[in-house]
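Because only heavy atoms are used, hydrogens play no part in the values below, and waters and symmetry mates are left out as well, while side chains stay in. Read the numbers this way: they start at 1 and go in the same order the structure lists the ligands and their atoms.
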Amino acid sequence: MAPREPRRAGKNASTTRKTQAQARKQTQAQLADKLVYYERAVQDPEVDAQFIARTFRRLRGRPARALREDFCGTASLCAQWVRQDTRNRAYGIDLDRHTLEWGIQTHIAPLAERAAGITLIQQDVREPVAFKADAVAAFNFSYFVFRTRTELRDYFASIKRGLKKDGILYLDLYGGPETMEEREEKTVYDKFTYVWDQAAFNPITHEVTNYIHFEFPDRSVMHKAFTYHWRLWQIPEVQEIAMEAGFRDCLVYWECTDRASGEGNGVFRISRKGDNAPAFVCYLLCV
Ligand SMILES: C[S@@+](CC[C@H](N)C(=O)[O-])C[C@H]1O[C@@H](n2cnc3c(N)ncnc32)[C@H](O)[C@@H]1O
């Protein structure tokens with residue numbers, strides 16, 4: 001066994017070098033760019049962009065051209081929107097300079113001349129803007145960051161002012177009894193595992209703390225890559241607040257069920273009655 005082996009200078013020197021090399025070798029978690037893994041795990045800009053284009057045309061009888069992406073982060077939806085149609089324009093708004101710059105390098109620079117169709121603005125989404133949009137999208141539940149009715153109403157009212165007369169606000173919302181449980185859910189992807197950690201839920205205030213962690217094949221973990229202190233808003237609350245802010249209606253697009261598997265099939269339709277799923281994600285369209 002190794003500890004009993006006679007000490008030999010050469011062996012000791014090489015062992016020391018090996019140990020130093022191992023110490024220098026970084027784990028996959030240390031080397032990973034959290035924005036890359038965030039996008040792979042939680043975003044599907046193509047699906048969102050097609051949903052916006054299709055529903056806007058159906059509801060308004062004309063195409064949406066100017067899209068404003070609130071809480072845009074890396075602006076992947078903006079990039080997809082202009083890629084989808086050369087006549088499209090996109091405006092992304094986010095507070096975080098680093099994330100915006102990452103999005104410029106990753107999604108916007110490769111668009112070459114089409115990049116001219118995108119404007120990124122570093123500011124609070126509640127601040128006024130100098131343009132009117134056909135559609136505003138606030139996805140991945142980012143508006144949950146506003147935790148009082150007043151804050152959420154003020155935000156929706158500022159969007160209303162920034163929309164054309166027939167403009168539409170697109171939101172998504174997650175809910176169901178499981179979303180009020182303190183639990184972790186793991187999804188295995190190629191070369192990493194995404195962990196959605198519902199760490200805390202306060203039933204009195206509906207305030208939640210959620211984390212995203214990433215696990216890697218070398219067993220390293222990027223712990224708390226993202227942290228969210230949100231209010232877990234319910235559908236009727238958001239609908240009522242949107243109408244208080246000046247929208248005429250707030251339509252729910254509910255996911256249809258695949259008959260064979262009993263699972264959601266990725267098709268969302270206007271619905272007044274949903275199945276009582278343990279957890280769901282739906283779109284809300286404030287019109
Ligand atoms: C959950 S990420 C959403 C990223 C992207 N929209 C998506 O669908 O995945 C939330 C983003 O909102 C930004 N943010 C938070 N509060 C904001 C505010 N009041 N105004 C503008 N951006 C804000 C953060 O910087 C972060 O990039």
- Query: For ligand 1, is Gln123 a contact, meaning one of its heavy atoms is under 4.0 Å away?
  - Reply: yes

Using side chain to side chain contact (heavy atoms under 4.5 Å, CB included), reason through Ile52 and Leu77 one step at a time and then give a plain yes or no.
CA-CA 11 Å; Ile52 293 169; Leu77 180 60; 4.3 Å; yes

Quick note on ligand 1: atoms under 4.0 Å from a heavy atom of Gly73 include exactly 27 (O)

Worksheet item: Mind checking whether Thr99 has an N or O less than 3.5 Å away from an N or O of ligand 1?
Response: no

The protein heavy atom nearest to atom 15 (C) of ligand 1 is Phe71 CD2, 3.9 Å

If hydrophobic clusters are built from ILVMFWY residues whose side chains come within less than 4.5 Å, do Phe56 and Phe51 share one? yes

query: Taking N or O atoms only and a 3.5 Å limit, does Val125 qualify as a polar contact for ligand 1?
result: yes

(message) Counting only heavy atoms not in Arg62 (residues, nucleotides, ligands), do more than 12 fall under 6.0 Å from its CZ?
(response) yes

closest protein heavy atom to atom 7 (C) of ligand 1 is Gln43 NE2, 3.0 Å

Nearest non-hydrogen protein atom to atom 1 (C) of ligand 1, with distance, is Tyr228 CE2, 3.5 Å

heavy-atom search around atom 9 (O) of ligand 1 in the protein gives Tyr38 OH, 2.4 Å

Between Phe156 and Tyr143, how do the two ring planes meet: parallel, tilted or perpendicular, split at 30° and 60°? tilted

For atom 26 (C) of ligand 1, the closest protein heavy atom turns out to be Asp94 OD2, 3.5 Å

For Arg57, look at atom CZ and say whether over 12 heavy atoms of other residues, nucleotides or ligands are found less than 6.0 Å away.
no

Of all protein heavy atoms, the one nearest atom 3 (C) of ligand 1 is Ser142 OG, 3.3 Å

- Message: Would a single hydrophobic cluster contain both Val208 and Phe226, if residues Ile, Leu, Val, Met, Phe, Trp and Tyr are joined by side-chain heavy-atom contacts under 4.5 Å?
- Response: yes

Atom 18 (C) of ligand 1 sits nearest the protein heavy atom Leu95 CD1, 3.5 Å

Atom 8 (O) of ligand 1: closest protein heavy atom, distance to 0.1 Å, is Asn140 ND2, 3.0 Å

query: Is the NZ or CZ atom of Lys186 both under 6.0 Å from the centre of the six-membered ring of Tyr194 and within 45° of that ring's axis?
result: no

Check: Should we count CG of Asp249 as having more than 12 external heavy atoms under 6.0 Å?
Finding: yes

Quiz prompt | Linked, directly or transitively: Ile159 and Phe131 (ILVMFWY side chains, under 4.5 Å) | solution = yes

In ligand 1, the atoms that come under 4.0 Å of a heavy atom of Phe139 are 6 (N), 8 (O)

